[in-house]
Amino acid sequence: NTLFIYKDGVGEGDIFFSERQPDGSWAIPKPLPGTINSPYRESSVSMTNDESTIYFASERPGGLGISDIYSAKKNSKGEWSIIINLGPSINTDYEEDSPYIDYDDKTLYFSSMGRKGMGGRDLFKATLIDAEKNEWSLPENLGYPVNTPDDDVFITGTSTPNRFYFASERAGGFGYSDIYLVTD
């Protein structure tokens with residue numbers, strides 16, 4: 001019942017949200033409350049099932065690379081605060097983007113240009129080992145047929161286990177970037 005929207009032209013780009021109304025319509029999008037949005041680009045976002053944590057990509061200063069993945073917790077006022085960079089186990093000197101936290105609230109999928117892959121942006125997954133220590137497993141490249149020499153990004157799962165959608169600029173599509181389904 002919550003839709004997250006990336007809106008360009010507000011600063012360098014910010015994350016907004018809209019909530020589904022009782023009649024099924026969507027409310028006018030508003031910026032996320034709290035300190036997620038900055039004067040820099042905040043793009044992709046994913047929320048845990050219990051709605052207590054958000055993972056997002058940002059180009060804010062102080063990160064490890066061009067764009068890093070961060071987490072934020074919801075405080076008692078319903079604002080997103082306690083922003084933490086996921087650190088070098090996830091982020092590199094280059095660009096990490098499109099985080100998706102799976103339904104288990106422990107498996108993080110994301111795209112990276114800074115990790116060894118097949119080319120362009122590849123999709124990876126890592127598992128949260130210890131939340132209090134911000135400790136993640138070594139990211140695993142999802143490999144072919146998900147990753148190609150082209151850009152593969154924006155993976156998102158469904159409530160059906162091992163069923164994901166992602167965007168790719170691979171040859172043979174219908175446009176510049178197409179949406180694909182992958183299942184086990």
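Note that the structure is predicted; figures quoted are calculated from it, not measured. Residue indices begin at 1 and follow the sequence shown.
Between Asn91 atom CG and Arg115 atom CZ the span is 8.0 Å, to the nearest 0.5 Å. In this structure, CH2 on Trp26 lies 11.5 Å from CZ on Phe17, to the nearest 0.5 angstrom. Put simply, OG1 on Thr35 and CD1 on Ile82 are 9.0 Å apart, with the number rounded to the nearest 0.5 Å. Between atom OG of residue Ser18 and atom CG of residue Asn1 there is a gap of 10.5 Å, rounded to the nearest 0.5 Å. For the atom pair CG of Asn75 and NZ of Lys73, the computed distance is 12.5 Å after rounding to the nearest 0.5 Å. Within the model, atoms OG1 of Thr107 and CG of Asp102 stand 5.5 Å from one another, a figure rounded to the nearest 0.5 Å.
In this structure, the side chain of Ser46 engages the main chain of Ile101 through a donor-acceptor pair within 3.5 Å.
Closest approach of Ser43 to Ile15, counting heavy atoms only: O-CG1, 3.4 Å. Heavy-atom minimum distance, Asp150 versus Ala171: OD2-N, 3.8 Å. Here the closest non-hydrogen pair linking Ile83 and Ala72 is CG1-CB, 4.0 Å. Shortest non-hydrogen contact noted between Gly173 and Asp178 is CA-OD2, 2.7 Å. Between Ser111 and Ser98, the shortest heavy-atom contact is OG-OG, 3.1 Å. Between Ser25 and Asp23 the shortest heavy-atom distance is OG-OD1, 2.6 Å.
Looking at residues two or more places apart in sequence or on another chain, you find no side chain to side chain contact (heavy atoms under 4.5 Å, CB included) involving Ile28. Considering only residues two or more places apart in sequence or on other chains, Asp130 meets the side chain to side chain donor-acceptor pair (under 3.5 Å) condition with none of them. For Trp136, the side chain to side chain donor-acceptor pair (under 3.5 Å) partners at least two apart in sequence or on another chain are Asn134. For Phe164, the ring-ring contact (aromatic ring centres under 6.0 Å, His included) partners at least two apart in sequence or on another chain are Tyr109. Asp93 meets the side chain to side chain contact (heavy atoms under 4.5 Å, CB included) test with no other residue; sequence neighbours excluded. Shown here are the ring-ring contact (aromatic ring centres under 6.0 Å, His included) partners of Tyr180, two or more places apart in sequence or in another chain: Phe166. Annotation: side chain to side chain donor-acceptor pair (under 3.5 Å) contacts of Lys106 (sequence neighbours excluded): none. Judged as a side chain to side chain donor-acceptor pair (under 3.5 Å), and not counting sequence neighbours, the contacts of Asn141 are Asp122, Asn147.
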* Go through Arg121 and Glu95 one step at a time and tell me if the salt bridge (Lys or Arg N to Asp or Glu O under 4.0 Å) criterion holds. => CA-CA 9 Å; Arg121 293 178 178 95; Glu95 182 179 298; 2.8 Å; yes

* To do: Starting from the C-alpha separation in whole Å, work towards a yes-or-no answer on salt bridge (Lys or Arg N to Asp or Glu O under 4.0 Å) for Asp152 and Arg170.
  => CA-CA 8 Å; Asp152 306 293; Arg170 66 188 63 203; 3.2 Å; yes

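Leu181 forms part of a hydrophobic cluster together with Tyr165, Ile179, judged by ILVMFWY side-chain heavy-atom separations under 4.5 Å. Other residues sharing a hydrophobic cluster with Val153 under the 4.5 Å side-chain heavy-atom criterion for ILVMFWY residues are Phe154.
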Anything under 3.5 Å between a donor and an acceptor, one on a side chain of residues 55-71, the other on a protein residue two or more places apart or in another chain? List them.
unit_1: Ser58; atom_1: OG; unit_2: Glu42; atom_2: OE2; d: 2.7
unit_1: Ser58; atom_1: OG; unit_2: Arg60; atom_2: N; d: 3.1
unit_1: Ser58; atom_1: OG; unit_2: Arg60; atom_2: NE; d: 3.0
unit_1: Arg60; atom_1: NH2; unit_2: Ile36; atom_2: O; d: 2.2
unit_1: Arg60; atom_1: NH2; unit_2: Glu42; atom_2: OE2; d: 3.3
unit_1: Ser67; atom_1: OG; unit_2: Glu96; atom_2: O; d: 2.9
unit_1: Asp68; atom_1: OD1; unit_2: Gly65; atom_2: N; d: 3.2
unit_1: Asp68; atom_1: OD2; unit_2: Leu64; atom_2: N; d: 2.4
unit_1: Asp68; atom_1: OD2; unit_2: Asn85; atom_2: ND2; d: 2.8

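Cluster membership for Tyr6 and Phe16, using ILVMFWY side-chain heavy atoms within less than 4.5 angstrom, is not shared.
The ring pair (Phe, Tyr, Trp, His ring centres under 6.0 Å) pairs that include a residue from residues 88-107 number zero, where partners must be two or more places apart or lie in different chains.
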